[in-house]
Trainee: 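A single structure is presented below for examination.
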Amino acid sequence: MRRTRYIHIMIAVLALATMVSCREDDVIFIPEEVPVSIPEYTSIDGFYLLNEGNMGSNKCTLDYYDYSTGVYTRNIYGNANPSVPKELGDVGNDIDIYGSRLYAVVNCSNKVEVMDVATTRRIGQIDIPNCRYIKFHDGYAYVTSYAGPVEINPDYEQLGYVAKVDTATLEVVDRCIVGFQPDELDIADGKIFVANSGGYMVPNYENTVSVIDIATFREVERIEVAINLHRVICDSRGQLWISSRGDYYEEESKLYCYDIRKRRMVAELDVPVSSMHLDGDSLYIVSVGWSYITMQNEVTYAIVDTRSREKVCDNFITDGTDKEIKIPYGIAVNPITKDIYVTDARNYVNPGYLYCFGSDGVQKWKVRTGDIPAHFIFVGNNINEQ
């Protein structure tokens, strides 16, 4: 499935060389293949890793790890699309697969880039201003949008919205207004749940989750949770796990659990969250909690049991190699092997690293990535069916 990519690498490099005259002002990232592990053979082919790139740098890139070869390839999008100006664009914020297409939300380029999932060749783009996160349901993509410009302003007036996109035509067919600066979203029980952050409005943060009825595509409820909401994941029990970033001063980052069927909050955990990944009944969490009071980061590698709603692990990295990681940023767990992947954004301006840990928390390998490695999506026959 991936072999074509490797055959074409030298051809693509030559094509890049012929285009220097029209791209001389852009940073071009030559693709690199790095063997990192022995081959693994399961129904999961590999995973894509979207590197955000620092804002304003147009350094968003896409990497791919192939389990069948044990090879990690940097900047696979650039290899497949040598003629696309500025490549993926400015700040990759989310990635997902629907059908045979790969979707990358590129925040400050105001677009969702659509690619063929097998080759990463560009199919088209969906224009959505200040787009943030994406989910799919019954032939439609739902994308959160801050709607307004990137601007810190306590009196910000532009409400955000969720765009409804027809995945057949890649056209925005409807919009639903929600709160200020909506971030992550999830879909369950015929509803879309959207975490409103109000992140541009410091110190006047938002504190609600918008509930959208999918049939009518209208907001039907606002759930008050906590300030500056970010992540939201629904588990198999109808529990919505919601993270608050806090205010970086007195209000600390926390994790909340809301039962969408009983329509009430059922847990509040003193667990800071930057990124989280649900695998079965285990919610894996990494966090770098900055405080303007202590002027320090507090780093967390936790596991929460969604059945008991309790933190069951303070550090899932057991061999001490967490000391190597400067800024844990992204988290994913292979649903079959249970290997744990953690990304390190380091200083946010230079290439980061991807660490692979076994289910026992012992490091298996690490590899250099693009700048600010962040968002994973696994590729395989038994996953990503939505």
Trainee: Hey, is Glu113 close enough to Lys111 for a salt bridge, meaning N to O under 4.0 Å?
Mentor: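 Counted as a salt bridge, because a side-chain N and a carboxylate O are separated by less than 4.0 Å.
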Trainee: Indicate whether the side chain of Gln158 and that of Tyr200 have a donor and an acceptor atom separated by less than 3.5 Å.
Mentor: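 No pair is found: no donor N or O on one side chain lies under 3.5 Å from an acceptor on the other.
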Trainee: In the structure I gave you, are the side-chain heavy atoms of Glu324 and Asp344 within less than 4.5 Å of one another anywhere?
Mentor: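 No - every pair of side-chain heavy atoms lies 4.5 Å or more apart.
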Trainee: Quick one: closest heavy-atom pair of Gly160 and Pro182, and the distance?
Mentor: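 Minimum heavy-atom separation between Gly160 and Pro182: CA-CD, 3.7 Å.
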Trainee: At their closest point, which heavy atom of Phe378 faces which heavy atom of Ala332, and how far apart are they?
Mentor: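 It is CE1-CB, 4.1 Å.
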Trainee: Cys131 and Asn110: which non-hydrogen atoms are nearest, and at how many Å?
Mentor: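 Closest approach of Cys131 to Asn110: SG-C, 4.1 Å.
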Trainee: Do Tyr301 and Ile325 come close enough that some side-chain heavy atom pair is under 4.5 Å?
Mentor: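 Yes. Closest side-chain heavy atoms under 4.5 Å.
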Trainee: Carefully, step by step, assess Asp174 and Arg218 under the rule salt bridge (Lys or Arg N to Asp or Glu O under 4.0 Å).
Mentor: CA-CA 10 Å; Asp174 204 351; Arg218 293 292 178 264; 3.6 Å; yes
Trainee: Should Asp66 and Thr73 count as side-chain neighbours, where that means a heavy-atom distance under 4.5 Å?
Mentor: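 Asp66 vs Thr73: side chains apart.
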Trainee: Would you say the side chain of Asn228 lies within less than 4.5 Å of the side chain of Asp247, judging by non-hydrogen atoms?
Mentor: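 They are not in contact (no side-chain heavy atoms under 4.5 Å apart), so the answer is no.
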Trainee: For a ring-ring contact (aromatic ring centres under 6.0 Å, His included) with Tyr103, tell me which candidate from Phe136, Tyr48, Tyr133 qualifies.
Mentor: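 When ring-ring contact (aromatic ring centres under 6.0 Å, His included) is applied between Tyr103 and each of Phe136, Tyr48, Tyr133, only Phe136 qualifies.
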Trainee: In terms of side-chain heavy atoms, does Asn107 have a donor or acceptor partner in Asn130 at a distance below 3.5 Å?
Mentor: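 Checked: Asn107/Asn130 side chains pair up, N/O donor to acceptor below 3.5 Å.
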Trainee: Give the ring-plane orientation class for Phe47 versus Tyr65, where under 30° counts as parallel, over 60° as perpendicular and anything between as tilted.
Mentor: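 Because their plane-to-plane angle lies in the 30° to 60° range, the rings of Phe47 and Tyr65 count as tilted.
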Trainee: By the ring-ring contact (aromatic ring centres under 6.0 Å, His included) test, which pairs, at least two apart or in different chains, include something from residues 256-284?
Mentor: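 Qualifying pairs, neighbours excluded: Tyr284-Phe316.
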Trainee: Is there side-chain contact between Pro203 and Tyr248, with at least one heavy-atom pair below 4.5 Å?
Mentor: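 Pro203 does not reach Tyr248 side chain to side chain.
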Trainee: Would you say the side-chain atoms of Ser253 pair up with the backbone N or O of Ser244, donor to acceptor, closer than 3.5 Å?
Mentor: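 Present.
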Trainee: Between Lys254 and Asp270, is the closest basic N to carboxylate O distance under 4.0 Å?
Mentor: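 Answer for the salt bridge query: yes.
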Trainee: Please examine the side chains of Cys176 and Tyr161, heavy atoms only from C-beta on, and report whether any two atoms are closer than 4.5 Å.
Mentor: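 With C-beta onward as the side chain, the pair stays apart.
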Trainee: Grouping I, L, V, M, F, W and Y whenever their side-chain heavy atoms are under 4.5 Å apart, do Phe193 and Ile187 come out in a common cluster?
Mentor: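 Phe193 does not cluster with Ile187.
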Trainee: With distance as the sole test, does Asp90 use its side chain to make a donor-acceptor pair with the main-chain N or O of Cys108 at under 3.5 Å?
Mentor: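 Between the backbone of Cys108 and the side chain of Asp90 there is no qualifying donor-acceptor contact (under 3.5 Å).
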Trainee: Any idea which heavy atoms bring Val288 and Ser274 closest together, and the distance?
Mentor: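 So the minimum-distance heavy-atom pair works out to N-OG, 3.0 Å.
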Trainee: Once the angle between the rings of Phe376 and Tyr341 is folded into 0 to 90°, is it parallel (under 30°), tilted (30 to 60°) or perpendicular (over 60°)?
Mentor: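 The rings of Phe376 and Tyr341 sit tilted, inter-plane angle from 30° to 60°.
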Trainee: Is it true that Asp183 and Arg132 have a side-chain N and a carboxylate O under 4.0 angstrom from each other?
Mentor: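 Answer for the salt bridge query: yes.
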Trainee: Hey, does Asp371 have a side-chain heavy atom less than 4.5 Å from the side chain of Asn54?
Mentor: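 A side-chain contact under 4.5 Å is absent here.
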Trainee: Flag yes if Val165 and Val112 sit in one hydrophobic cluster, no otherwise; membership is Ile, Leu, Val, Met, Phe, Trp, Tyr, and two members link when side-chain heavy atoms are under 4.5 Å apart.
Mentor: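 Same cluster: Val165 reaches Val112 through Ile, Leu, Val, Met, Phe, Trp or Tyr contacts under 4.5 Å.
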Trainee: Does the side chain of Asn196 pick up a donor-acceptor pair with the side chain of Thr208 at under 3.5 Å?
Mentor: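 Side-chain D/A pair, Asn196 to Thr208: present.
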Trainee: Hey, is Lys191 close enough to Asp189 for a salt bridge, meaning N to O under 4.0 Å?
Mentor: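 Looking at Lys191 and Asp189, the cut-off is not met.
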Trainee: With a 3.5 Å distance limit and no angle check, can you tell me whether Asp186 reaches the backbone of Cys234 through a side-chain donor-acceptor pair?
Mentor: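 Judged by distance alone, yes, a pair lies under 3.5 Å.
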Trainee: Can any side-chain N or O of Glu219 pair as donor or acceptor with the backbone N or O of Ser210 at less than 3.5 Å?
Mentor: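 Answer holds: no.
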Trainee: Near Arg261 CZ, under 6.0 Å, is it more than 12 heavy atoms from other residues, nucleotides or ligands?
Mentor: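 Above 12, so yes.
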Trainee: Would you say the side chain of Thr42 lies within less than 4.5 Å of the side chain of Tyr67, judging by non-hydrogen atoms?
Mentor: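 When only atoms from C-beta onward are counted, Thr42 and Tyr67 do not touch, as no gap falls below 4.5 Å.
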Trainee: Kindly state whether the ring of Phe217 and the ring of Tyr142 have centres lying under 6.0 angstrom apart.
Mentor: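 Yes, the ring of Phe217 comes within the 6.0 Å limit of the ring of Tyr142, centre to centre.
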Trainee: Say whether Leu240 and Ile214 are linked into one hydrophobic cluster, either directly or through other cluster members, by side-chain heavy-atom distances under 4.5 angstrom.
Mentor: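 Cluster IDs for Leu240 and Ile214 differ.
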Trainee: Ignoring hydrogens and geometry, is there a side-chain-to-backbone donor-acceptor pair from Ser145 to Pro129 under 3.5 Å?
Mentor: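 Pair found, side chain donor or acceptor close to backbone of Pro129.
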Trainee: Give a yes or no on this: more than 12 heavy atoms of other residues, nucleotides or ligands lie within 6.0 Å of atom CD1 of Ile152.
Mentor: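 Counting neighbours around CD1 of Ile152, more than 12 heavy atoms of other residues, nucleotides or ligands fall under 6.0 Å, so yes.
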Trainee: State whether Lys364 and Asp319 are salt-bridged, where the test is any N-O pair (Lys NZ or Arg NE/NH1/NH2 against Asp/Glu carboxylate O) under 4.0 Å.
Mentor: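 No salt bridge links Lys364 with Asp319.
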